[in-house]
Asks: 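My questions will all concern the structure given below.
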There are 2 protein chains.
Amino acid sequence: MSKRSAWAEHALRVLREGGYRAGEARRAVVEQVAAQGGCVDAERIDAGLRKRGRRVGTASVYRALGLLSELGLLRRVSLGEGPAIYELVGPGDHHHHHLVCERCGSTTPFEDERLEAAIARLGERLPHSVTSHEVTLHGTCARCERGT
Amino acid sequence: MSKRSAWAEHALRVLREGGYRAGEARRAVVEQVAAQGGCVDAERIDAGLRKRGRRVGTASVYRALGLLSELGLLRRVSLGEGPAIYELVGPGDHHHHHLVCERCGSTTPFEDERLEAAIARLGERLPHSVTSHEVTLHGTCARCERGT
DNA sequence: GTTCCTGCAAAGGTTTTGCACCATA
DNA sequence: TATGGTGCAAAACCTTTGCAGGAAC
């Protein structure tokens, strides 16, 4: 079973266990999100569904993404301006952050122990209670760096 | 001279040196941004100007903030959803990041050497060329933690 | 059969743009 | 006076909401 369809099954299970029905639109969005993988946004999901001939109302796409996010199946990431971007969260996924390519807009996940350690220590020293953090690196991705 | 009016003078100087005119609206926005300090957004600037009786078109506020940002006098920060937020950048300001309080929405700047070192090392190891980074900590600020 | 989900259309908030007029340098 | 700034209104963009009808359990 691919990692992506595994996410879809996981998501549908969590929905069912949460007492949510798997209606036409919701199911279609889950499958499309799984098919696209990585970082998705409402417009791309909508377009992807239309390309496949599945007519789903735009509002339903937003509602589904919002619900999946509430249930922890997606995580909203702040990578800059523009539409809201969500990332798939699977059962065994690692904590990580993102590199954003300024040229092509692609996002690449990475993880770094030293970075996490620095943030953890920092959190202890601050007068705030820190519950989560987000790190975004901006630059040029390897692919854009090579080609034009 | 206060730090804030120093920023306003600095900004007006950079504008002049860049060949930009100091029209009514532009000057008013610079002064209002300086008066509010910290993190500002278009709507607050607009409201602040209206409260002072300075009638400035909304479009001019957006245009001024955009220009100040281009000139490096403001920095756009990604602290979540909602309107675009800009932070004043003065001539002697240190590189720093932000804590965002989930309860009151306030933002607190902080700097940490170890964090910067970890990011610098990380950047060298990655196949990307990293030109900038952003770290946001989410939690509850000291003030909200104490009171209700 | 009841409840929830869905699609449509309308409205919401934020930001940009076109254009005629006016102020700055 | 030439250039660029400004305000207004309209549009663009992303997202949410109200509501009537239909599907899931």
Side-chain angles (χ1 to χ4, degrees), chain A residues 11-33 39-50 52-71 73-86 105, chain B residues 11-33 39-50 52-71 73-86 105:
Chain A
L12 291 171
R13 187 177 340 112
V14 171
L15 282 168
R16 202 181 326 118
E17 286 168 0
Y20 294 97
R21 296 180 187 172
E24 188 78 5
R26 201 119 86 191
R27 183 187 305 274
V29 169
V30 167
E31 285 167 10
Q32 185 62 33
V33 166
C39 289
V40 303
D41 65 82
E43 203 283 327
R44 267 183 229 277
I45 296 298
D46 212 4
L49 287 169
R50 238 175 295 114
R52 288 178 170 203
R54 304 189 73 161
R55 275 159 289 112
V56 169
T58 306
S60 295
V61 173
Y62 282 99
R63 282 191 275 238
L65 292 178
L67 178 60
L68 292 170
S69 181
E70 263 180 43
L71 295 175
L73 295 161
L74 292 178
R75 191 166 62 96
R76 193 169 176 165
V77 291
S78 307
L79 302 178
E81 36 185 321
I85 292 176
Y86 298 89
Chain B
L12 290 171
R13 187 177 340 113
V14 171
L15 282 168
R16 202 180 327 118
E17 287 168 0
Y20 295 97
R21 297 180 187 172
E24 188 80 4
R26 203 120 84 189
R27 183 188 305 274
V29 170
V30 167
E31 285 167 10
Q32 186 62 33
V33 166
C39 289
V40 304
D41 64 83
E43 203 282 326
R44 267 182 229 277
I45 296 297
D46 212 3
L49 288 169
R50 237 177 293 116
R52 289 179 169 202
R54 304 191 73 161
R55 276 157 288 112
V56 168
T58 308
S60 296
V61 173
Y62 282 99
R63 282 191 275 237
L65 293 178
L67 178 60
L68 293 169
S69 181
E70 264 180 42
L71 295 175
L73 295 161
L74 292 178
R75 192 166 62 95
R76 192 166 177 166
V77 291
S78 307
L79 303 177
E81 36 185 322
I85 292 176
Y86 297 89

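Side chains included, hydrogens not; waters and symmetry mates left out as well; all remaining heavy atoms used. In what follows, chains are A, B, ... by sequence order, proteins preceding strands, each numbered from 1. The model shown is predicted, which means the values in this text are computed figures rather than measured ones.
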Asks: Going from CD on A/Q32 to CG on A/L49, what distance comes out if it is rounded to the nearest 0.5 angstrom?
Replies: 4.5 Å
Asks: Which is it for A/L68 and A/Y86 under the side chain to side chain contact (heavy atoms under 4.5 Å, CB included) test, yes or no, and what are the steps along the way?
Replies: CA-CA 10 Å; A/L68 292 170; A/Y86 298 89; over 6 Å; no
Asks: Kindly give the heavy-atom pair with the smallest separation between B/A42 and B/L65, and that separation in Å.
Replies: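 It is CA-CD1, 3.6 Å.
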Asks: Please say whether more than 12 non-hydrogen atoms of neighbouring residues, nucleotides or ligands are located less than 6.0 Å from CZ in B/R44.
Replies: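 12 or below, so no.
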Asks: Expressed as a whole number of angstroms, how long is the span from B/D46:CG to D/dT6:P?
Replies: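 Result: 14 Å.
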Asks: Check side-chain hydrogen bond (donor to acceptor under 3.5 Å, both in side chains) between A/R55 and all other residues, then give those that pass, not counting sequence neighbours.
Replies: none
Asks: Reading DNA chain C 5' to 3', which nucleotide is the first, and which the last, to come under 4.0 Å of any heavy atom in chain B?
Replies: C/dT14 to C/dA25
Asks: By the 4.0 Å heavy-atom rule, please label A/E24 as base, sugar-phosphate, or nothing.
Replies: sugar-phosphate
Asks: Per the atom types in the model, does the base of D/dT3 pair as donor or acceptor with the side chain of B/R21 at under 3.5 Å?
Replies: yes
Asks: Checking B/S69 now: which residues fulfil side-chain hydrogen bond (donor to acceptor under 3.5 Å, both in side chains) with it, not counting sequence neighbours?
Replies: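 In terms of side-chain hydrogen bond (donor to acceptor under 3.5 Å, both in side chains), with neighbours along the sequence ignored, B/S69 is linked to no residue.
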Asks: Heavy atoms under 4.0 Å, any strand shown: does A/A25 hit a base, just sugar-phosphate, or nothing?
Replies: sugar-phosphate
Asks: Roughly, in whole Å, what's the span from CZ in B/R54 to P in D/dT6?
Replies: 11 Å
Asks: Taking for each residue the nucleotide of DNA chain C bearing the nearest heavy atom, is the 5' side occupied by B/A22 or by B/Y62?
Replies: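 Closest to the 5' end, via its nearest nucleotide, is B/Y62.
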Asks: Evaluate side chain to side chain contact (heavy atoms under 4.5 Å, CB included) for B/V56 paired with B/I45, printing each intermediate quantity in order.
Replies: CA-CA 10 Å; B/V56 168; B/I45 296 297; over 6 Å; no
Asks: Restricting to non-hydrogen atoms, name the atom on B/G80 and the atom on A/S78 that form the minimum distance, rounded to 0.1 Å.
Replies: CA-OG, 4.0 Å
Asks: Near DNA chain D, counting only heavy atoms under 4.0 Å, which residues of residues 73-84 of chain A show up?
Replies: A/P83, A/A84
Asks: Answer yes or no: is there a donor N or O on one side and an acceptor on the other, between the side chain of A/R26 and the main chain of A/R21, under 3.5 Å?
Replies: yes
Asks: Could you go through the side chain to side chain contact (heavy atoms under 4.5 Å, CB included) check for B/V30 and B/L73 one step at a time?
Replies: CA-CA 10 Å; B/V30 167; B/L73 295 161; over 6 Å; no
Asks: Using the C1' atoms of five pairs at each end, what's the angle between the two axes of the helix from C/dG1-D/dC25 to C/dA25-D/dT1, to 10 degrees?
Replies: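 Inter-axis angle at the ends, rounded: 30°.
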Asks: Tell me, which of residues 63-70 of chain B have any heavy atom that sits under 4.0 Å from an atom in DNA chain C?
Replies: B/R63
Asks: Apply the test side chain to side chain contact (heavy atoms under 4.5 Å, CB included) to residues A/V77 and A/R75: give CA-CA distance (whole Å), side-chain angles for both, the deciding distance (0.1 Å), then the verdict.
Replies: CA-CA 6 Å; A/V77 291; A/R75 191 166 62 96; 4.0 Å; yes
Asks: Give the minimum heavy-atom separation between B/A84 and B/D41, together with the two atoms involved.
Replies: O-CB, 3.3 Å
Asks: Expressed in angstrom and rounded to an integer, what is the separation of A/R27 atom CZ from D/dC25 atom P?
Replies: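 In whole Å, D/dC25 P and A/R27 CZ are 8 Å from each other.
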